[in-house]
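Structure record follows, encoded as structure tokens.
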Amino acid sequence: MRERRALPDGSWVVVRSVEPADRAQLRDGFAALSSESRRRRFLTGVTRLDEDTLDYLTEVDHVGHEAIGVLTDEGEGLGIGRYVRCAAEPDAAEVAITVRDDQQGRGIGTLLLTTLAEEAARHGIRRFVTYVLWENRPMVDLLVAVGGRGRPSEPGLARIDIGLPEPALQGRRDAR
């Protein structure tokens, strides 16, 4: 997948599937995140991505594990999102999104979430599950705005479930 799409501010970005060749860019992008953004994404104080984690994040099958990046036309990474099908619940997938600190609030997270939802629905996934720090209000608000329902999971952590539309319904909506 590789497409150009517009953000709400009118700027254009490239949305494409992540590939193994993206390892260095992913490593550099992660290193550029603030410690707060890393904590909000990984729910811990992770400071770097090791080789095994980079393998996991870049070697995806594009069916049960999808990863999509948003980049400038020049190839500069702005954000990344992924889903991984839940082994115990094959119609569900855990979803995660990370947007560069200086790019937050531009609609990149929403673009990633909707693109991942379209891809997941095509592969039989009917809902997303994610775990978010309650204090991460921008992400909680985004997930609730797209129909997510949150409930406490562990102290300070919310589990948010988001139902995905049927692919046939998406096609009808797009045809209007």
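Atom set for the values below is all heavy atoms of this structure, side chains included, hydrogens, waters and symmetry mates excluded.
To the nearest 0.5 Å, atom CZ of residue Arg100 and atom CD of residue Glu76 are 4.0 Å apart. Separating the CD atom in Gln103 from the OG atom in Ser11 is a distance of 8.0 Å, to the nearest 0.5 Å. For the atom pair Leu111 CG and Leu7 CG, the distance stands at 6.0 Å (nearest 0.5 Å). For the atom pair CZ of Arg39 and CG of Asn136, the computed distance is 8.5 Å after rounding to the nearest 0.5 Å.
The salt bridge (Lys or Arg N to Asp or Glu O under 4.0 Å) analysis of residues 63-75, with sequence neighbours excluded, yields the pairs Arg4-Asp73.
Asp61 is linked by a side-chain contact (heavy atoms from CB on, under 4.5 Å) to Val63, His65, counting only residues two or more places apart in sequence or in another chain. By the ring pair (Phe, Tyr, Trp, His ring centres under 6.0 Å) test, His62 pairs with no residue at all, sequence neighbours left out. For Glu19, the side-chain hydrogen bond (donor to acceptor under 3.5 Å, both in side chains) test picks out no residue, with sequence neighbours left out. Applying the side-chain hydrogen bond (donor to acceptor under 3.5 Å, both in side chains) criterion to Arg38, with sequence neighbours excluded, gives no partner residue. Judged as a side-chain contact (heavy atoms from CB on, under 4.5 Å), and not counting sequence neighbours, Asp28 has no contacts. When the salt bridge (charged side-chain N to carboxylate O under 4.0 Å, His left out) test is applied to Glu51, the partners found at least two apart in sequence or on another chain are Arg23, Arg27. Here Thr110 pairs with nothing under the side-chain hydrogen bond (donor to acceptor under 3.5 Å, both in side chains) rule; sequence neighbours left out. Every residue two or more places apart in sequence or in another chain that forms a side-chain hydrogen bond (donor to acceptor under 3.5 Å, both in side chains) with Thr115 is listed here: Arg5.
Hydrophobic cluster of Val129: the remaining members, joined at side-chain heavy-atom separations below 4.5 Å, are Leu43, Tyr131, Leu133, Leu157, listed by chain and number. Side-chain heavy-atom separations under 4.5 angstrom define the hydrophobic clusters, and the remaining members of the one that includes Leu26 are Val18, Phe30, Leu33, Phe42, Val46, Leu49, Leu54, Tyr56, Leu57, Ile80, Val84.
For Arg2, the CZ atom counts as loosely surrounded, since its 6.0 Å shell holds 12 or fewer non-hydrogen atoms of other residues, nucleotides or ligands.
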task: Would you check, one step at a time, whether the test side-chain contact (heavy atoms from CB on, under 4.5 Å) holds for Asp22 with Arg16?
output: CA-CA 11 Å; Asp22 295 323; Arg16 72 166 177 82; 2.8 Å; yes

task: Decide yes or no on side-chain contact (heavy atoms from CB on, under 4.5 Å) for Glu36 and Arg40, but give the supporting numbers first.
output: CA-CA 6 Å; Glu36 182 65 13; Arg40 285 180 170 185; 3.2 Å; yes

task: Would you check, one step at a time, whether the test side-chain contact (heavy atoms from CB on, under 4.5 Å) holds for Leu143 with Leu113?
output: CA-CA 9 Å; Leu143 296 169; Leu113 185 60; 3.9 Å; yes

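A 4.5 Å side-chain heavy-atom check between Ser17 and Glu119 finds every atom pair outside the cut-off.
With respect to the salt-bridge test (charged N to carboxylate O, under 4.0 angstrom), the residues Arg48 and Asp50 do not qualify.
Of all heavy-atom pairs between Pro20 and Glu59, the closest is CG-CG, 4.1 Å. The two residues Ser37 and Asp101 have their closest heavy-atom pair at OG-OD2, 2.7 Å. Residues Leu164 and Ala121 come closest through the heavy atom pair CD1-N, 4.3 Å.
None of Arg149, Arg126, Arg151 except one satisfies the salt bridge (Lys or Arg N to Asp or Glu O under 4.0 Å) rule with Asp161; the exception is Arg151. Between Leu78 and the options Val70, Asp102, Val14, a side chain to side chain contact (heavy atoms under 4.5 Å, CB included) holds for only Val70.
In terms of hydrophobic clustering, with Ile, Leu, Val, Met, Phe, Trp and Tyr side chains grouped at heavy-atom distances under 4.5 Å, Tyr83 and Val60 are assigned to different clusters. Residues Ile108 and Leu71 do not share a hydrophobic cluster, clusters being chains of Ile/Leu/Val/Met/Phe/Trp/Tyr side chains in contact below 4.5 Å. With hydrophobic clusters built from ILVMFWY side chains whose heavy atoms lie under 4.5 angstrom apart, Val146 shares a cluster with Leu116.
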Just list the side-chain donor-acceptor pairs under 3.5 Å for residues 89-98, sequence neighbours left out, or say none.
from: Glu89; atom 1: OE1; to: Arg127; atom 2: NH1; distance (Å): 3.4
from: Glu89; atom 1: OE1; to: Arg127; atom 2: NH2; distance (Å): 2.3
from: Thr98; atom 1: OG1; to: Arg41; atom 2: NE; distance (Å): 3.4

